Colleague: 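Before we start, here is the structure in question, set down as structure tokens.
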Amino acid sequence: MQIDRQTLIKRIIRAMLLIGSSSLDVVFPRTCRVCGRTLVAGERLLCVGCMAELPRTYLHDIDFNTVHHRIGGRHEIDVAAGWFYYYRDSPYARLIHEAKYGDRPATARMLGRLYGMELAADGLTGRFDVLLPVALHRDRLLRRGYNQSLEIARGLAAELGCDVGDNLMALRSHRTQTRRSGYDRYDNVRGSFGIRHPEELDGLSVAIVDDVVTTGSTVLDCINAIVGSASPSGISVLSIGVTHMR
């Protein structure tokens, strides 16, 4: 059977891309972000061993957990969950650092997808109508180049079958939350977030997405903004990391 020139060119390009991809894996091998071991086929971001040892929280299986507690019972929260416990000196902290500061939005997206797969496997597909990533102020967004919470939300949404909204907005910039006490964190972000087009959220099950929940002050300010102007049917919180209470 004779192949026309255009089809032949497409096949050659596909073959070159496959060869190029294999060659790149040899020259620049994909490695586990935690232990540095070269990843094999089927492994994404983490090797099987590090994935098995991930300090999972399983908070989505607990009706009233540490995230609920940090929000202080100020609002009724549907699902409050985080993928793994975050310790600053843990090798797993590299995942958050790369997603946030390492100029790797793809890492943030993949973290969202991997966590989303586990939530979907536990029956949370269809639980949320829209995911609302914690917004970055335009000054910080310009410096960083992307919003890691947005990328995480996109990964989660791809697995959970829901939309990603842009309703949360940062009204003002605030200083870093690192090394601040609980009240200082809340005071630092209080009034930082607002809602655009609140009517779009009425009657919807919304989930706020952040990279790490520490004291819960950022999430709480986002919730305050939502309930102050919209009437969702439920509010949830999803994060990649959750710190342990001291």
Side-chain angles (χ1 to χ4, degrees), residues 57 59-60 62-86 96 99-100 108 111-112 115-116 119 124 127-137 140 147-157 160 162 164-196 198 201 204-230 232-246:
T57 71
L59 291 176
H60 59 279
I62 305 173
D63 290 335
F64 190 86
N65 58 51
T66 184
V67 176
H68 291 97
H69 179 70
R70 292 176 202 190
I71 294 170
R74 294 178 178 88
H75 302 284
E76 185 175 345
I77 303 301
D78 185 9
V79 178
W83 193 18
F84 62 84
Y85 284 113
Y86 175 84
I96 301 294
K100 193 168 186 174
L111 288 173
Y115 186 31
L119 292 176
L124 270 72
R127 186 69 174 269
F128 318 108
D129 295 311
V130 61
L131 306 183
L132 300 181
V134 171
L136 279 184
H137 188 267
R140 188 166 295 179
N147 180 356
Q148 75 280 357
S149 295
L150 172 59
E151 300 303 328
I152 291 168
R154 286 170 172 166
L156 283 165
L160 296 176
C162 53
V164 177
D166 62 354
N167 303 81
L168 269 175
M169 57 182 180
L171 300 177
R172 64 178 180 83
S173 185
H174 59 266
R175 292 168 292 176
T176 179
Q177 296 281 73
T178 305
R179 301 186 186 282
R180 290 179 179 272
S181 66
Y183 180 79
D184 284 344
R185 282 174 177 263
Y186 178 65
D187 191 54
N188 188 41
V189 301
R190 185 168 47 186
S192 293
F193 299 98
I195 297 293
R196 61 167 65 91
L201 305 179
L204 299 184
S205 174
V206 305
I208 298 168
V209 177
D210 204 359
D211 53 356
V212 180
V213 171
T214 305
T215 63
S217 55
T218 297
V219 168
L220 177 58
D221 202 63
C222 290
I223 296 173
N224 287 338
I226 293 171
V227 301
S229 55
S233 63
I235 298 179
S236 297
V237 177
L238 301 176
S239 68
I240 296 300
V242 178
T243 61
H244 261 304
M245 293 290 282
R246 295 182 184 275

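All figures in this text were calculated on a predicted structure; none of them were measured in a lab. If you read the sequence from its start, that first residue is 1, and numbering goes on from there.
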Colleague: Does any non-hydrogen side-chain atom of Ile208 lie less than 4.5 Å from one of Ile226?
Modeller: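 In short, these two side chains touch, coming nearer than 4.5 Å.
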
Colleague: Looking only at atom types and distance, does a side-chain atom of Asp78 sit under 3.5 Å from a main-chain N or O of Ile235, one as donor and one as acceptor?
Modeller: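 Side chain of Asp78 to backbone of Ile235, a donor-acceptor pair under 3.5 Å: no, none is there.
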
Colleague: Parallel, tilted or perpendicular, judged at 30° and 60°: which one describes the rings of Tyr85 and His244?
Modeller: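 If you compare the ring of Tyr85 with that of His244, the planes turn out parallel.
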
Colleague: Give a yes or no on whether the backbone of Ala81 and the side-chain of Asn65 come within a donor-acceptor separation of less than 3.5 Å.
Modeller: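 It does not hold such a pair.
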
Colleague: Students often mix this up, so state it plainly: with edges at 30° and 60°, are the rings of His69 and Phe64 parallel, tilted or perpendicular?
Modeller: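 Taking Phe64 first and then His69, their aromatic rings stand perpendicular (interplane angle over 60°).
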
Colleague: Any side-chain donor paired with an acceptor under 3.5 Å for Asn224 and His75?
Modeller: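 Judged by distance alone, the side chains do pair up.
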
Colleague: Which value, rounded to the nearest 0.5 Å, describes the distance between Asp210 atom CG and Thr218 atom OG1?
Modeller: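 Going from CG on Asp210 over to OG1 on Thr218, the span is 6.0 Å.
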
Colleague: Using side chain to side chain contact (heavy atoms under 4.5 Å, CB included), reason through Val219 and Val67 one step at a time and then give a plain yes or no.
Modeller: CA-CA 10 Å; Val219 168; Val67 176; 5.9 Å; no

Colleague: For residues Asp211 and Ser149, is any side-chain donor paired with an opposing acceptor at under 3.5 Å?
Modeller: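 No - no donor-acceptor pair under 3.5 Å links their side chains.
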
Colleague: Answer yes or no: is there a side-chain heavy-atom contact under 4.5 Å between Arg70 and Val242?
Modeller: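 Yes, close enough: below the 4.5 Å cut-off.
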
Colleague: Drop me the distance from Leu238's CG to Leu59's CG, to the nearest 0.5 angstrom.
Modeller: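 Reported to 0.5 Å precision, the distance equals 11.0 Å.
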
Colleague: Looking only at heavy atoms, what is the nearest atom pair of Gly194 and Ala225, with distance?
Modeller: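 Minimum heavy-atom contact is CA-CB, 4.0 Å.
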
Colleague: Between atom OG1 of Thr214 and atom OH of Tyr86, what is the distance when rounded to the nearest 0.5 Å?
Modeller: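 That separation rounds to 8.0 Å.
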
Colleague: Look at the side chain of Asp221 and the backbone N and O of Phe193, then say whether any donor-acceptor pair between them is shorter than 3.5 Å.
Modeller: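 Confirmed, Asp221 side chain pairs with Phe193 backbone.
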
Colleague: If I take atom SG from residue Cys162 and atom CG from residue Leu124, how far apart are they, to the nearest 0.5 angstrom?
Modeller: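 Going from the SG atom of Cys162 to the CG atom of Leu124 covers 10.0 Å.
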
Colleague: Indicate the atoms forming the closest heavy-atom contact of Tyr115 with Ser239, along with that distance.
Modeller: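 Scanning both residues completely, I find the closest heavy atoms to be CE2-O, 3.3 Å.
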
Colleague: So, do Val212 and Gln148 sit near enough that their side-chain heavy atoms are less than 4.5 Å apart?
Modeller: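 No, too far: nothing below the 4.5 Å cut-off.
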
Colleague: Any donor-acceptor pair under 3.5 Å linking the side chain of Thr57 with the backbone of Phe84?
Modeller: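 Between the backbone of Phe84 and the side chain of Thr57 there is no qualifying donor-acceptor contact (under 3.5 Å).
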
Colleague: Apply the side-chain contact (heavy atoms from CB on, under 4.5 Å) test between Leu156 and each candidate in Leu111, Val209, Val164; give the one that qualifies.
Modeller: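 Passing option: Val209.
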
Colleague: Is any side-chain heavy atom of Leu132 closer than 4.5 Å to a side-chain heavy atom of Cys222?
Modeller: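 When only atoms from C-beta onward are counted, Cys222 and Leu132 do not touch, as no gap falls below 4.5 Å.
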
Colleague: Do Ile77 and Ile223 come close enough that some side-chain heavy atom pair is under 4.5 Å?
Modeller: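 Yes, side chains in contact.
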
Colleague: Any side-chain heavy atom of Ile195 within less than 4.5 Å of one from Leu168?
Modeller: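 Yes, close enough: below the 4.5 Å cut-off.
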
Colleague: Could you tell me whether a side-chain N or O of Asp129 sits under 3.5 Å from a main-chain N or O of Ser205, the two making a donor and an acceptor?
Modeller: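 Looks like yes, one N/O pair under 3.5 Å.
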
Colleague: Specify the closest pair of heavy atoms between Ser229 and Pro198, including all atoms of both residues, with the distance to one decimal.
Modeller: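 Scanning both residues completely, I find the closest heavy atoms to be O-CB, 3.3 Å.
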
Colleague: Search all heavy atoms of Ala108 against all heavy atoms of Glu151 and return the closest pair with its distance.
Modeller: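 Minimum heavy-atom contact is CB-CB, 3.6 Å.
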
